[in-house]
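Both counts, for ligands and for their atoms, begin at 1 and track the order of listing. Every value quoted in this text rests on a predicted model; they were computed, and no experiment measured them. For reference, positions follow the sequence shown, starting with 1.
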Amino acid sequence: MDYLLWKLLPLLALIVSFVVFFFLEDSYTANLFHMKKPPREECSFLPVCHYWISSKRIVTPQGVISGSVEINEGKIMSIVEGDSKHGKHMQQQVIDYGDAVIMPGLIDVHVHLDEPGRTEWEGFYTGTRAAAAGGVTTVVDMPLNNHPTTVSRETLKLKLEAAKKKLYVDAGFWGGLIPENALNTSILEGLLSAGVLGVKSFMCPSGIDDFPMTTIDHIKEGLPVLAKYRRRLLVHAEVQLNSGHNLELKDNDDPRVYSTYLKTRPPSWEQAAIRELVGVTEDTRTGGPLEGAHVHIVHLSDSSASLDMIKEAKHRGDSISVETCPHYLAFSSEEINDGDTRFKCSPPIRDASNREKLWEALLKGDINFLTSDHSPTLPELKLLDEGNFLKAWGGISSLQLVLPITWSYGQKHGATLEQLSLWWSKRPAEFAGLESKGAIEVGNHADIVVWQPETEFALDDKYPVFIKHPSISAYMGKKLSGQVLATFVRGNLVFKNGKHAPAACGVPILAK
Ligand SMILES: *[C@@H]1O[C@H](CO)[C@@H](O)[C@H](O)[C@H]1NC(C)=O
Ligand SMILES: [Zn+2]
């Protein structure tokens, strides 16, 4: 016996050293790259990788069907109409959602998460938890109001560092086009090759010191580089007329009255910017010198001449698109109370007839899709006590609420579930270049929201809002229809009945 033991000893030593090596190696790489994936049961309330979800209302590109969706390893494997799931798939786990709606997760391509540098305003953790709770499965983060702004390869790296282990949903990133990188191709190319999905610029002051405005000449410098990388330009399209002096204001105009603010940013500002932009988009047509570049107008408010110019440019074949936001569709200037600075944003919310024309354009497809433009700040900077519209921070917080908002206000205009998923999933996915997202289709990521459109709720103090400062949201106090029951991101059930899965397992999305 002793002899045998001695002979086996080297072998035993070898096995022990292998085990020790692998254990150390694993924790070493995990610490080095912070990349160790949490176990599935922490990422998801459903710790299996192969399962089915079924319902009487599944929104697919071919229409709303009754049936089931097979999910395996984070992807959609099959979509079966009717009750066939109860036949051959009895072995697999099936979650039956009854008549709740199964829809592609929302893709919000205009969100300000403000990290790093202004996490007291929002941040990746609170922002993406709010997204998950609202059925938003992908966000694309804006290059401001984080500090430093995302305008170079180095500052994108800071974003990615800051986002680690904090993403509850997938997140892409826009960079910023500012004079410095517009005039220095190597900085812009560095930013694009580091993986931003496109760049955003302001044609008026952004309100953030390290994000200076671009003129149409800067934009002309940047477009050839964007064409080369086939990335989009997103533009805050307002040009300050009267060199920014509020000639329209009179001494007795009260800054607590919304119409005073409205006068300082007239539709002519949007029109002036869009007129300059459609003057350069001609070259983006197929075969043109800027083919591959694309100009997108963010948060359109003016539904008159601005919209006409965009429609005309599209008609000519220019590569141009436009978004609007739920607050321009839900509210009108007439109903904003004195001092209620929660409603301040730029461009401003205009009158009810402007709003009706925005709806018309959205329903007809002249407006391509919707975004939240979730733009939070501190309650102090919203000046909720003082109520001064001219001094308060502009921006409306809505990230978690866009699905019930669009549904509640859209029903009055006859919006359908299919349209909702076009505006919030399919078209934003195409726009941002997110392959494998935006539709319940075989092969796509299993990014899914399950919700009950008929359930009404009041946005009162007791309602679980996960954004950092719910009190500044213009929607608080409203009654909405449409309750999110469950959210799946790449097959992980990340949100269920008001609760989040323990770990943040969303993935950063970088352009190649
Ligand atoms: C462009 O930026 C790079 C990187 O910051 C810098 O090294 C280079 O000198 C700049 N070029 C010009 C012409 O300013
Ligand atoms: Zn914005």
Side-chain angles (χ1 to χ4, degrees), residues 107-115 118 121-122 127 131 136 139-158 171-194 196-208 210-214 218 221-222 225 232-238 265 269-270 273 296-301 321-328 343-349 369-377 381-382 392-399 402 428 431-432 467 472-474:
I107 295 174
D108 190 346
V109 301
H110 190 152
V111 172
H112 298 262
L113 295 180
D114 304 337
E115 188 166 0
R118 284 197 183 84
W121 289 18
E122 189 62 271
V136 176
V139 293
V140 185
D141 180 49
M142 279 293 166
L144 70 167
N145 307 316
N146 41 286
H147 184 81
T149 50
T150 317
V151 292
S152 63
R153 171 188 293 278
E154 294 73 24
T155 44
L156 176 64
K157 215 172 144 212
L158 296 177
F173 306 89
W174 301 121
L177 182 76
I178 57 171
E180 191 188 353
N181 60 17
L183 299 172
N184 185 331
T185 308
S186 78
I187 305 179
L188 186 54
E189 293 212 26
L191 177 62
L192 294 170
S193 58
V196 294
L197 303 179
V199 292
K200 196 243 185 114
S201 87
F202 271 72
M203 292 178 80
C204 59
S206 72
I208 293 287
D210 65 339
F211 203 95
M213 62 171 274
T214 46
H218 296 121
E221 295 289 333
V225 184
R232 299 119 196 102
L233 173 68
L234 296 84
V235 189
H236 180 124
E238 276 185 302
R265 292 186 100 110
W269 283 28
E270 285 188 81
H296 176 76
I297 287 129
V298 297
H299 51 48
L300 183 81
S301 173
S321 55
V322 58
E323 73 188 35
T324 192
C325 311
H327 39 270
Y328 300 117
F343 290 86
K344 179 177 177 180
C345 59
S346 61
I349 294 164
F369 55 84
L370 299 176
T371 66
S372 69
D373 190 11
H374 176 65
S375 186
T377 187
L381 296 178
K382 262 304 201 188
W393 176 261
I396 290 190
S397 289
S398 62
L399 178 54
V402 291
F431 168 70
I467 57 175
I472 63 171
S473 173

> Any atoms of ligand 1 less than 4.0 Å from a non-hydrogen atom of S186? List them with their elements.
1 (C), 2 (O), 3 (C)
> Do N145 and E122 pass the side chain to side chain contact (heavy atoms under 4.5 Å, CB included) test, and can you show the C-alpha distance, the side-chain angles, and the key distance before you say yes or no?
CA-CA 10 Å; N145 307 316; E122 189 62 271; over 6 Å; no
> D373: which N/O/S atom is nearest the Zn ion (ligand 2)?
OD1
> Suppose you place the vertex at the Zn ion (ligand 2); what is the angle out to H110 NE2 and H112 NE2, to 10°?
110°
> Taking both backbone and side-chain atoms into account, decide whether H236 has an N/O/S atom under 2.8 Å from the Zn ion (ligand 2).
no
> Closest non-hydrogen protein atom to atom 6 (C) of ligand 1, residue and atom name please, with distance?
N184 ND2, 4.2 Å
> Cation-pi between R118 and W121: NZ/CZ under 6.0 Å from ring centre and within 45° of the ring axis?
yes
> May I ask whether atom 14 (O) of ligand 1 is less than 4.0 Å from at least one protein heavy atom?
yes
> Could you tell me the residue and atom name of the protein heavy atom closest to atom 4 (C) of ligand 1, and the distance to it rounded to 0.1 Å?
I187 CG1, 4.1 Å
> How close do A194 and L156 get, heavy atom to heavy atom, and via which atoms?
O-CD2, 3.4 Å
> Can you tell me if T149 uses its side chain to pair, donor with acceptor, with the backbone of D210 under 3.5 Å?
yes
> Of the backbone and side-chain N, O or S atoms of H299, does one lie nearer to the Zn ion (ligand 2) than 2.8 Å?
no
> Is the centre of the F369 ring less than 6.0 Å from the centre of the H296 ring?
yes
> Determine whether more than 12 heavy atoms belonging to other residues, nucleotides or ligands lie under 6.0 Å from atom CD of E189.
yes
